[in-house]
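Below you'll find the structure, written out as structure tokens, and then a few comments.
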Amino acid sequence: MDELTISVSQRWPGVHCYPCDNAPSTGVVCSSPEIVTVGEDGRIVVFRADQEGVVRVIENADSSTIHAVTYLRTTEILTVNSIGQLKLWDFRQQSNSPSQILSLSGDRVPLHCVDRHPNQQHIVATGGQDGMLCVWDIRQGSAPFSLMEAHSAEMWEVHFHPSNPDHLFTCSEDGSLLHWETSAQSDMPSFLQGGRNNSMISRSAMAPAGGNQSLISAWLSGDSSKGRVETTHMLPSQTLSVNSLDVLGQCLVCGTDGEAIFVNRQVPV
Amino acid sequence: MEELDVEPAITNIPAASYGKHLGFAWGPGDILAYETLYKASSGAKGSGCSFIHEVRKDEDIYSPILRKLFNESHHIFVGLQTIKEDLPSKNKKPQFVSISKNYRSVIRACMEELQQVAVSTKDVKVAMQYGNQVCTTAPGGNQTLTEYDVKWRHWHEEVDRCLQDNSFASNKHLEIICRILVGDEDTLLEHKELLGTWYHFLVTRLLFSHPTVQPTELHYYAQSCMTMFLDSRSVPEPLDNILLAAFEFDIHQVIKECSIALNNWWFVAHLTDLLDHCKLLQSHNVHFGSNLREFLLLEYASGLFTHHSLWQLAVDYFDHCPDLGRVYLELQIERVPLNTERKALKVLRICEQRQMSEQVRSICKIMAMRALKNNRLGSALSWSIRAKDAAFATLISERFLQDYCARGTFSDLDLIDNLGPAMLLSDRLTFLGKYREFHRLYGEKRFGEAAKLLLSLMTAKIAPRSFWMTLLTDALPLLEQKEVIFSAGQTYELMFCLEELTSSLSSVAPATDGTMQDEDIEQTKVELLRLALARNLAMAIVKEGTVST
């Protein structure tokens, strides 16, 4: 058996802190060689893997805890916080303010995770304390497009499948890991459908049929009751909280509070 | 007081000086010990030591191999509890057997890992496995047992005849093998070192002399094997007592011996629980708990609770102790250290699912205070919302307002501008949100709306009286605009507010720490306001009285 070894190459201690104490870091994302972390101190810190110091710090980016971060484009990131806001940050700007703030109308449910559609950069999925899966269109104003009931407790992570984005995975404090799949009603792949076949898209911006049609993802019209989105449980019942997951190709890994790591090498995607 | 079964084990505290008297206090999973100044005899009085020693048992839970055992057995335990009560017992029995097998296989996996690191507890686990097996295997009949017995006797006689005939006399080794096959005890005992333990000897001896022995006869052989195997000088170890009790199917004795011999409650707790479900154990009431099963489960789970990760397993164990489980949980869950928000969220979720509202409030308050102390006002508000704590929301709003008065600008606009329905949690918070809205409207030059909002903050009593002066001062630029913004009616209302404010201020005794300068400033402000209001009133009356043609 091949043995791979991992060793620590760089350390950046004490980057997240309060006035008198260290603060937990809550999320990290990487777009080689750049690394971005966020934490309970509401700070966004940017490093480079090959540099010792810190490249940039956005102080007091948020007055509440930032729970997760993800790249939107190479110069833009998205963060979610514990007062239910999705914030867009543009690194090309020098100011320490977000370029856009989006939030759910209604209760400010804390958001815990965020992921961007691999091919369509304006489509973003988030999950939060109430276990709802929200899919947003960043271009379209400030409210999410579709809300789907997913879990009965906090949703900790959401991931689009990197090569097959009709598939999405979420994991939760309630001990379940769900595999979501949008199904196309026509023969065309769902993300090329456009507005024609689907009355549910009336909420979204309708591009005129024919010519220069914007690609409208099936996720934006997702409504499980209409049978367009299927979900499957990926784990046996009665596990403790599933805290984290990742998926690549046909392989899915996740970790639970029962100090176990589950590996599934034959995910049907 | 009951007699002790064994002498209590003595634990030395290496860091404490010899001969000192120690005081102690119990903690949730440990004892704190300290040196006292008391001198028992007329020895020299030494100086007091300022250390506190923390004595903790259950070192096992920090071993990675045993952690795996605890996690896997927890899974099996929860599965066992959820077997439906109303199933007929014939359907339940195969499930119980399968659960027993599951336990045994996790024990075996644990043993293998321990063997790889050669820890001495391996012998314990071996013994436990035998004990488990014996206690939970129901004696059952095999139809072909008599057939087998007949065949075996036949074969045994053959072998014996070979020996008598000296067929293997020429080859010493073959002769030894033959003697072993016939079950000759002396030969077996000559090879003690190959057998290792007396229970291996038992198995070997029975295999070759009484393979069809009934389980109920085992204890006769067990006792005699042990006597034959061990030196006359050696004292039976605790493990031996456990096995002997197991062979006698004295379940209570097994549990008792295990409780004494083993250094954590894992084995007895799970065994008792399984036997209780199988209705093989009369779980009598103990006078220091509710019943035996619950007592053992509570002890085991309490030990887990002090661990930074295994405490979550303990919650499920407490859930399945109907008498005292909830009380134990309520006491323990408040002591879980909340180092990160995520951990606090997990603890909260557990409390909310069990309607432990007092603990929810308490945890949210701790986290909110901590956030406030670190100046994370958004986090603090988020925790108050979770606990629906109006008083704390008011506190946070006060902080914001103080900040504004001190600096002239709002901090954390991203929070105040986006309060949403949370604004309704407390009046002060509502005021904060609305006041910020006023500033926004003013910034966008929507003066009419801004004016209306400002007035409503006072007339609808949303604004605290202490803030009215600030609000009226904010009205000044609106009053001094070229065009009339406040209508006559609105101006009257503003004047009324001002009068209300000044009359209430003057009725209060002047503060002795206020300087003459402060009073002057206040007086000037009031006069400026009166002047501006009067001028505005005049202009408004004229404007409203003018008929536009």
Side-chain angles (χ1 to χ4, degrees), chain A residues 17-27 39-43 60-67 81-87 97-98 101-112 128-129 131 142 152-154 156 172-175 236-241 243-244 256-260, chain B residues 64 67-68 70-72 74-79 81-82 307 309-313 315-316 338-346 348-350 352-353 367 370-371 373-383 385-386 396 400 410-425:
Chain A
C17 55
Y18 296 128
C20 312
D21 211 357
N22 279 336
S25 162
T26 51
E40 286 186 17
D41 56 352
R43 198 181 271 168
N60 213 20
D62 209 310
S63 62
S64 65
T65 299
I66 308 177
H67 283 296
N81 67 13
S82 58
I83 44 175
Q85 296 170 323
L86 187 61
K87 292 186 184 175
S97 307
I101 300 183
L102 299 88
S103 57
L104 284 159
S105 59
D107 284 328
R108 297 287 189 252
V109 174
L111 292 174
H112 288 292
Q129 186 178 294
S142 65
S152 55
E154 284 88 351
W156 294 125
S172 161
E173 177 73 17
D174 68 5
S237 60
Q238 291 183 342
T239 50
L240 292 177
S241 165
N243 296 319
S244 184
T256 71
D257 268 343
E259 305 189 344
Chain B
R67 267 168 84 162
K68 202 160 127 186
F70 296 147
N71 273 297
E72 293 180 333
H74 160 262
H75 190 79
I76 301 171
F77 171 84
V78 172
Q81 310 308 308
T82 52
H307 190 268
S309 169
L310 295 174
W311 63 273
Q312 289 179 292
L313 306 181
V315 173
D316 281 318
L338 304 171
N339 334 54
T340 66
E341 282 205 352
R342 187 173 278 215
K343 192 158 181 197
L345 289 171
K346 286 181 186 276
L348 265 182
R349 182 62 64 177
I350 288 169
E352 282 173 352
Q353 279 170 346
M367 296 306 289
R370 198 184 292 172
K373 199 184 71 159
N374 288 316
N375 216 29
R376 312 290 315 141
L377 294 175
S379 293
L381 185 65
S382 164
W383 289 109
I385 292 173
R386 179 93 183 241
I396 296 168
F400 273 115
F410 285 106
S411 60
D412 303 318
L413 279 175
D414 63 328
L415 173 66
I416 309 176
D417 279 343
N418 292 289
L419 285 173
M423 210 164 32
L424 302 172
L425 184 60

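Just the heavy atoms: all of them, side chains too, but no hydrogens, waters or symmetry mates, feed the values below. Residue numbering restarts at 1 for every chain, and letters A, B, ... go by the order of the sequence lines.
- Contact of the A:T26 side chain with the B:E341 side chain is not registered, since no non-hydrogen atoms from C-beta on lie closer than 4.5 Å.
- Chosen from B:T82, B:L345, B:L381, the residue pairing most often with chain A at heavy-atom distances under 4.5 Å is B:L345.
- Between A:D257 atom CG and B:N71 atom CG the span is 9.5 Å, to the nearest 0.5 Å.
- Partners of A:H112 according to the ring pair (Phe, Tyr, Trp, His ring centres under 6.0 Å) rule, which considers only residues two or more places apart in sequence or in another chain, are A:H67, A:W156.
- Residues A:E259 and B:K68 fail the side-chain proximity criterion, which asks for heavy atoms closer than 4.5 Å.
- Put simply, the side chain of B:L419 does not reach to within 4.5 Å of the side chain of A:I83, judged on heavy atoms.
- For a residue to count as touching a neighbouring chain, one of its non-hydrogen atoms must lie under 4.5 Å from one of that chain's; by this rule B:N339 touches chain A with the backbone only.
- Looking at A:T256, neither its backbone nor its side chain comes within 4.5 Å of chain B, counting heavy atoms on both sides.
- Looking at A:Q129 and B:R349, their side chains come closer than 4.5 Å, going by heavy atoms from C-beta outward.
- Between A:S82 and B:S382, the shortest heavy-atom contact is O-OG, 3.2 Å.
- Side-chain contact between B:K346 and A:N243 is present, with heavy atoms from C-beta onward closer than 4.5 Å.
- Legend: residues meeting side-chain contact (heavy atoms from CB on, under 4.5 Å) with B:N374, ordered by chain and number and at least two apart, are A:Y18, A:P19, B:R370, B:R376.
- Shown here for A:S63 and B:L415, the closest heavy-atom pair between the two residues is OG-CB, 3.5 Å.
- The two residues A:S64 and B:G378 make their nearest non-hydrogen contact at CB-C, 3.5 Å.
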